[in-house]
Amino acid sequence: MTIHRPISGETSKGVLIGAGPRSLAAIESQDCAAAIWQREPLQAFQDWIDALSPSELPKARVILRPGDARQAMTDLFDTQSIAPCQERAMLIDDVAALAYIFASIMQVPFVRLRLDAITGNAHRDFHTDRITARLICTYRGPGTQYGVSENGDDPERVLTAPTGSPIVLRGHLWPASAATQVVQRFSPLEGRGEGRLVLLLDPVTDQPADSREHFLH
């Protein structure tokens, strides 16, 4: 799906950036509160996904084993009438790969996978999620904004994860405290006339007994 380029630009204390998938495993380091795998989407893929109307963007909420992600996304896209093409296959393969990578890092058998199509200013406030960790990858639209919060205030310096670059962020339930308090939010969209497509992955250790989400074994 992507080609790689040298890492450049600013970063924040406690945020590690790398050029390969192993970069995301840096989240396990004591001084790392967020890890980014910096990638540049292929232009053909970005043109395809940017050309979809907001109503055509895929949506999903499912708990599954990482090995089931490719088939689940294929079935989803067929149901939502997203026509087969090379770019669709790239998206399916990338979602499946990120599910596998994230589950391996977190050492969990399942992940909660969400594909959200967002057109408004969702999650406009900086925050830390009440989970152990979360992977976020924005495939369309501006990426996740992040920064270091001092004393619970909004960060003075706000940076943005590049579109197409996965970021893993520690949550409040991470067993070890991070060296810095990195907070995040979705970049504001209001007035921009565009939609965002974002993948979110959360670790799941077992099947919730009362889950209303579709669960794939």
Side-chain angles (χ1 to χ4, degrees), residues 1-29 32-50 52 57-58 66 69 73 87 89-106 111 113-118 122-123 126-129 131 133-148 155 157-171 178 180 182-189 192 194-203:
M1 174 185 170
T2 59
I3 56 177
H4 301 299
R5 60 182 175 183
I7 299 301
S8 61
E10 296 180 285
T11 187
S12 287
K13 183 179 179 181
V15 179
L16 299 181
I17 301 176
R22 292 181 62 85
S23 308
L24 299 178
I27 197 67
E28 299 174 311
S29 302
C32 180
I36 298 174
W37 171 12
Q38 181 164 304
R39 313 185 295 181
E40 182 179 0
L42 291 175
Q43 193 60 52
F45 172 82
Q46 202 62 54
D47 290 344
W48 170 77
I49 202 165
D50 288 346
L52 296 175
L57 294 176
M73 292 300 99
E87 291 75 23
M90 289 180 182
L91 179 56
I92 290 172
D93 288 347
D94 198 66
V95 169
L98 290 179
Y100 176 80
I101 291 168
F102 184 65
S104 298
I105 292 171
M106 300 302 298
V111 293
L113 186 157
R114 289 165 47 199
L115 272 176
D116 282 348
I118 302 168
H123 304 294
F126 281 100
H127 65 281
T128 301
D129 293 304
I131 52 175
R134 171 169 288 165
L135 182 148
I136 305 173
C137 183
T138 302
Y139 289 109
R140 167 174 159 166
T144 298
Q145 291 185 334
Y146 63 92
V148 176
R157 188 162 63 110
V158 176
L159 303 174
T160 303
T163 301
S165 295
I167 178 172
V168 175
L169 299 118
R170 288 185 179 183
T180 61
V182 174
V183 293
Q184 54 92 7
R185 70 175 183 182
F186 289 154
S187 302
L189 282 179
R192 299 179 60 131
E194 61 182 308
R196 173 188 286 115
L197 179 65
V198 59
L199 169 71
L200 301 101
L201 296 172
D202 296 341

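Both backbone and side-chain heavy atoms feed into the values below; hydrogens, waters and symmetry mates do not. Small disclaimer: the values here were computed from a predicted structure and weren't measured.
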> Begin from the C-alpha positions of Phe186 and Gln145 and carry the test side-chain contact (heavy atoms from CB on, under 4.5 Å) through to its verdict.
CA-CA 6 Å; Phe186 289 154; Gln145 291 185 334; over 6 Å; no

> Is the shortest side-chain heavy-atom distance between Thr144 and Arg185 below 4.5 Å?
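Side-chain contact under 4.5 Å: no.
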
> Between Leu113 and Val95, is any pair of side-chain heavy atoms under 4.5 Å apart?
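Side-chain contact under 4.5 Å: yes.
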
> Checking side-chain contact (heavy atoms from CB on, under 4.5 Å) for the pair Leu201/Arg134: CA distance, chi angles, key distance, verdict?
CA-CA 6 Å; Leu201 296 172; Arg134 171 169 288 165; over 6 Å; no

> Work out which heavy atom in Ala44 is nearest to a heavy atom in Glu87; give both atom names and the distance.
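Distance-wise, the nearest heavy atoms are O-CG, 3.7 Å.
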
> Using the rule given for side-chain contact (heavy atoms from CB on, under 4.5 Å), can you reason through Ile105 versus Leu24, listing the C-alpha separation, both sets of side-chain angles and the distance that settles it, and then say yes or no?
CA-CA 8 Å; Ile105 292 171; Leu24 299 178; 3.7 Å; yes

> If you apply the rule side-chain contact (heavy atoms from CB on, under 4.5 Å), what do you find for Ile36 with Tyr146, and how did you get there?
CA-CA 11 Å; Ile36 298 174; Tyr146 63 92; 3.6 Å; yes

> For residues Met106 and Val168, determine if any side-chain heavy atom of one lies less than 4.5 Å from a side-chain heavy atom of the other.
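Not touching, per the 4.5 Å side-chain cut-off.
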
> Using a 4.5 Å cut-off on heavy atoms from C-beta on, say whether the side chain of Arg140 contacts that of Val198.
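With C-beta onward as the side chain, the pair stays apart.
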
> If only atom types and distance count, is the side chain of Ser104 paired as donor or acceptor with the main-chain N or O of Tyr100 below 3.5 Å?
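Between the backbone of Tyr100 and the side chain of Ser104 there is a qualifying donor-acceptor contact (under 3.5 Å).
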
> On a heavy-atom basis, which atom in Ala99 and which in Ala69 lie closest, and how many Å separate them?
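Closest pair (atom of Ala99, atom of Ala69, distance): CB-CB, 4.2 Å.
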
> Less than 4.5 Å apart, side chain to side chain, heavy atoms only: is that true for Leu159 and Arg157?
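In contact.
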
> For Gly143 versus Thr160, what's the shortest heavy-atom pair and its separation?
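Nearest pair, atom of Gly143 first, then Thr160: O-CG2, 3.4 Å.
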
> Would you call Leu98 and Cys137 a side-chain contact if the rule is heavy atoms closer than 4.5 Å?
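Counting from C-beta outward, Leu98 and Cys137 do come under 4.5 Å.
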
> What is the minimum heavy-atom distance between Leu169 and Ala34, and which atoms define it?
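For Leu169 and Ala34, the tightest heavy-atom pair comes out as CD2-CB, 4.0 Å.
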
> Indicate yes or no: at least one non-hydrogen side-chain atom of Ile167 is less than 4.5 angstrom from one of Trp37.
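Heavy-atom side-chain distance check fails, nothing below 4.5 Å.
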
> Rounded to the nearest 0.5 Å, what separates atom CG in Leu115 from atom CG in Leu91?
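Rounded to the nearest 0.5 Å, the CG-CG separation comes to 7.0 Å.
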
> Given side chains that start at C-beta, do those of Asp129 and Gln184 come closer than 4.5 Å, heavy atoms only?
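Side chain of Asp129 against side chain of Gln184, heavy atoms only: contact under 4.5 Å found.
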
> Looking at CG of Leu16 and OG of Ser23, how far apart are the two atoms once the value is rounded to the nearest 0.5 Å?
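Interatomic distance, Leu16 CG to Ser23 OG, rounded to 0.5 Å: 9.0 Å.
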
> Taking the side chain from Arg39 and the backbone from Gly164, do they hold a donor-acceptor pair closer than 3.5 Å?
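Checking the backbone N and O of Gly164 against the side chain of Arg39, a donor-acceptor pair under 3.5 Å is found.
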
> Are the side chain of Gln46 and the backbone of Tyr139 linked by a donor-acceptor contact shorter than 3.5 Å?
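Between the backbone of Tyr139 and the side chain of Gln46 there is a qualifying donor-acceptor contact (under 3.5 Å).
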
> What closest approach, in Å, do Leu197 and Pro58 show between heavy atoms, and which atom pair accounts for it?
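For Leu197 versus Pro58, the nearest heavy atoms are CD1-O, 3.4 Å.
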
> Do Arg170 side-chain atoms and Ile27 backbone N/O form a donor-acceptor pair below 3.5 Å?
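Here the side-chain-to-backbone pair exists.
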
> Which atom names give the shortest non-hydrogen contact between Ala26 and Cys32, and what distance separates them?
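Where Ala26 meets Cys32 most closely, the heavy atoms are O-CB, 3.1 Å.
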
